[in-house]
There are 2 protein chains.
Amino acid sequence: MARAGLTANRLVQAAAELADEVGFDKVTVSALARRFGVKDASLYSHVKNAQDLRERVAMLALEELADVAADALAGRAGKDALVAFANAYRAYAKLHPGRYAAAQLRLSPEAAAASAARRHSEMTRAILRGYGLREPDQTDAIRMLHSTFHGYVSLETAGGFAHTPRDAGISWQRTLDALDAVLRNWPVE
Amino acid sequence: MARAGLTANRLVQAAAELADEVGFDKVTVSALARRFGVKDASLYSHVKNAQDLRERVAMLALEELADVAADALAGRAGKDALVAFANAYRAYAKLHPGRYAAAQLRLSPEAAAASAARRHSEMTRAILRGYGLREPDQTDAIRMLHSTFHGYVSLETAGGFAHTPRDAGISWQRTLDALDAVLRNWPVE
DNA sequence: GTAAAGTTCCTAGAGGTATTAGGCAAATAA
DNA sequence: TTATTTGCCTAATACCTCTAGGAACTTTAC
């Protein structure tokens with residue numbers, strides 16, 4: 001009886017690939033077992049259950065996303081940083097739709113997710129440094145930026161922009177221009 | 001053998017309530033049958049299958065969302081309209097989280113979804129009339145608005161803003177201020 | 001008013017997914 | 001080499017989806 005060499009990490013990696021291929025909602029214990037040529041029950045030595053598996057994929061995606069964003073941000077400031085960060089974010093979502101969907105999962109162990117989530121916030125805060133925003137405006141601006149990025153990418157990949165002929169990449173650029181403008185002149189009510 | 005009085009509409013309505021109570025992903029044919037005190041198989045005379053059921057809930061949500069948005073928009077213009085529309089959107093998502101999740105479903109029969117989707121675009125376009133935007137800027141702005149609204153609501157309900165003490169309602173208001181500002185002064189590159 | 005037709009719901013059953021319990025064999029440690 | 005741990009298996013339960021075919025109820029048509 002030859003062993004398949006399963007590992008939690010290997011499973012999560014394969015689950016992430018599966019998610020990108022067939023969609024995150026179709027990442028199932030059975031499908032994953034099939035991919036490794038083992039029985040379903042065998043996976044339960046490595047992951048707690050299906051939910052645990054999905055959460056690990058989510059964590060992987062969050063970390064990867066933070067990595068590419070950090071790379072994009074390195075050595076840039078101001079609008080340059082904003083655009084690079086945003087583009088890295090959008091590119092990752094396009095390249096890894098399943099992982100991106102996973103990253104949107106509501107994680108139960110808040111503590112575990114916090115590390116990746118904090119990295120994202122830190123980076124966004126770094127971008128804002130170039131715009132001279134102070135708290136609490138900074139938090140408001142971070143929330144707006146995250147919302148716009150996530151909303152745009154999410155609607156775009158769901159086909160929400162397909163009805164209109166206008167190229168989605170151009171609207172994205174214009175949206176970034178608009179965000180830059182609003183940050184440079186943040187409304188002080 | 002007393003009849004339960006099932007109807008496609010009644011099923012969809014109950015499924016929507018179920019979605020708000022336990023989450024859209026837990027809306028299942030079995031659970032719905034249980035709620036009506038009938039056998040699973042009985043539902044298949046009224047809906048094609050589970051996917052069909054979910055899509056009908058999505059359509060219901062899209063229509064309801066368009067209705068409340070239209071009400072909010074009536075008789076308003078400019079920033080007033082923008083804020084009313086956005087608040088109606090956010091309020092609906094908070095009141096009906098399951099339905100809101102359903103509305104995000106990628107609908108297969110594009111034609112069917114188009115009617116509701118068009119209403120949303122029409123309304124957003126109406127808001128922009130107060131800002132004097134022309135095509136193609138209008139399309140870009142619509143996409144930005146939708147993205148920000150959806151992204152914010154989506155992140156908020158997923159608990160993404162819970163780490164920071166800042167009240168999510170205030171950040172929302174400031175985001176709307178920012179959107180108003182950027183629309184009044186749309187960057188012409 | 002009754003017979004035909006259509007509709008609603010049921011029973012039965014097949015197939016997929018999630019998960020636990022318990023066992024044997026392979027890898028590792030003593 | 002023996003002892004222990006680990007990896008994967010079989011078996012079994014439970015839930016969800018969906019199809020086929022049948023019985024009871026409702027509506028239609030004469």
Side-chain angles (χ1 to χ4, degrees), chain A residues 1-60 98-99 101-102 104-109 112, chain B residues 1-60 98-99 101-102 105-109:
Chain A
M1 178 161 49
R3 298 195 174 183
L6 299 187
T7 300
N9 280 343
R10 223 175 272 219
L11 285 178
V12 173
Q13 192 64 40
E17 286 161 19
L18 188 60
D20 288 336
E21 288 168 25
V22 302
F24 182 60
D25 52 312
K26 294 200 181 63
V27 171
T28 156
V29 174
S30 306
L32 199 53
R34 223 173 287 132
R35 175 163 291 217
F36 279 97
V38 300
K39 299 293 172 182
D40 299 8
S42 304
L43 302 202
Y44 289 86
S45 312
H46 307 280
V47 295
K48 222 168 112 266
N49 52 34
Q51 184 59 20
D52 178 41
L53 174 67
R54 293 191 191 104
E55 282 175 9
R56 284 170 189 251
V57 175
M59 295 280 299
L60 171 72
R99 285 159 153 97
Q104 255 49 63
L105 198 66
R106 186 201 218 96
L107 296 216
S108 29
Chain B
M1 174 163 50
R3 297 196 173 184
L6 300 186
T7 301
N9 281 343
R10 222 176 273 220
L11 286 177
V12 172
Q13 192 64 41
E17 286 161 19
L18 188 60
D20 287 335
E21 288 167 25
V22 303
F24 182 59
D25 52 312
K26 295 201 182 62
V27 171
T28 155
V29 174
S30 305
L32 199 54
R34 222 174 289 131
R35 175 162 290 217
F36 279 97
V38 300
K39 298 294 174 181
D40 299 8
S42 305
L43 302 202
Y44 289 87
S45 310
H46 305 281
V47 295
K48 222 168 111 267
N49 52 36
Q51 183 60 21
D52 178 39
L53 175 67
R54 293 191 191 105
E55 282 176 9
R56 284 171 189 250
V57 175
M59 295 282 296
L60 171 72
R99 286 161 153 98
L105 198 65
R106 186 200 219 97
L107 297 216
S108 28

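Letters A, B, ... are given to chains in the order of the sequence lines, protein chains preceding strands, and every chain is numbered from 1.
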| said: What is the distance, to the nearest angstrom, from the CG atom on B/L6 to the C1' atom on D/dC25? | reply: 14 Å

| query | Once you round it to whole Å, what is the distance between C1' of D/dC16 and CG of B/L53? | reply | 13 Å

| said: Classify B/S45 by what it touches in the nucleic acid, base, sugar-phosphate, or nothing, heavy-atom distance under 4.0 Å. | reply: base

| said: Please give me the minimum heavy-atom distance between B/L53 and B/A15, naming the atom from each residue. | reply: CD1-CB, 4.0 Å

| query | Could you state the CG-P distance from B/N9 to C/dT8, rounded to the nearest angstrom? | reply | 13 Å

| request: Starting from P on C/dC9, measure out to CZ on B/R10 and report it in whole angstrom. | output: 10 Å

Below 3.5 Å between N/O atoms, which protein atoms pair up with nucleotides 5-7 of chain C? Just atom names and distances, please.
from	atom 1	to	atom 2	distance (Å)
C/dT7	O2	B/R3	NH2	3.2

| Rounded to the nearest 0.5 Å, what separation is found between the CG atom of A/L6 and the OG atom of A/S42? | 7.0 Å

| request: Kindly point out which of C/dC9, D/dC16, C/dC10 is positioned nearest to the side chain of B/K39? | output: C/dC10

| request: Only pairs at least two apart or in different chains count here, so list each side-chain hydrogen bond (donor to acceptor under 3.5 Å, both in side chains) that has a residue in residues 23-41 of chain A. | output: A/E21-A/R35, A/S30-A/D40

| request: Starting at atom OH of A/Y44, determine the distance to atom C1' of C/dG22, rounded to an integer number of angstrom. | output: 17 Å

| note | Of B/D40 and A/A31, the one whose nearest nucleotide on DNA chain C sits closer to the 5' end is B/D40

| For B/R54, which contact category applies under a 4.0 Å heavy-atom criterion: base, sugar-phosphate, or nothing? | sugar-phosphate

| B/R10 and B/Q13, any side-chain heavy atoms less than 4.5 Å apart | no

| query | Which nucleotide in the list D/dT17, D/dC8, C/dT11 gets nearest to the side chain of B/A50? | reply | D/dT17

| Any side-chain heavy-atom pair from A/D52 and A/N49 closer than 4.5 angstrom? | yes

| Using a cut-off of 4.0 Å on non-hydrogen atoms, how would the nucleic acid contact of B/A41 be classed: base, sugar-phosphate, or nothing? | base

| task | Choose from D/dC18, C/dT17, D/dC8 the nucleotide whose nearest atom is closest to any side-chain atom of A/S30. | result | C/dT17

| Candidates D/dC9, C/dC10, D/dC18 - which lies nearest the side chain of B/S42 | C/dC10

| CG of B/L43 versus P of D/dC18: gap in Å, rounded? | 11 Å

| Closer than 4.0 Å, any side-chain N/O of B/T28 to the OP1 or OP2 of D/dC15? | no

| Which value, rounded to the nearest 0.5 Å, describes the distance between A/L105 atom CG and A/F24 atom CZ? | 5.0 Å

| query | Given atom CG of B/N49 and atom C1' of D/dA20, what is their separation to the nearest angstrom? | reply | 17 Å

| query | Do the side-chain N or O atoms of A/H46 get closer than 4.0 angstrom to the phosphate oxygens (OP1, OP2) of D/dT6? | reply | no

| field | Residue pair A/A33 / A/L43: nearest heavy atoms and the distance that separates them | value | N-CD1, 3.8 Å

| said: Check this one for me: any side-chain N or O of B/R34 less than 4.0 Å away from OP1 or OP2 of D/dC15? | reply: no

| said: Using whole Å, what does the distance between atom P of nucleotide C/dT8 and atom CZ of B/F36 come to? | reply: 14 Å

| query | Is there side-chain contact between A/V27 and A/L32, with at least one heavy-atom pair below 4.5 Å? | reply | no

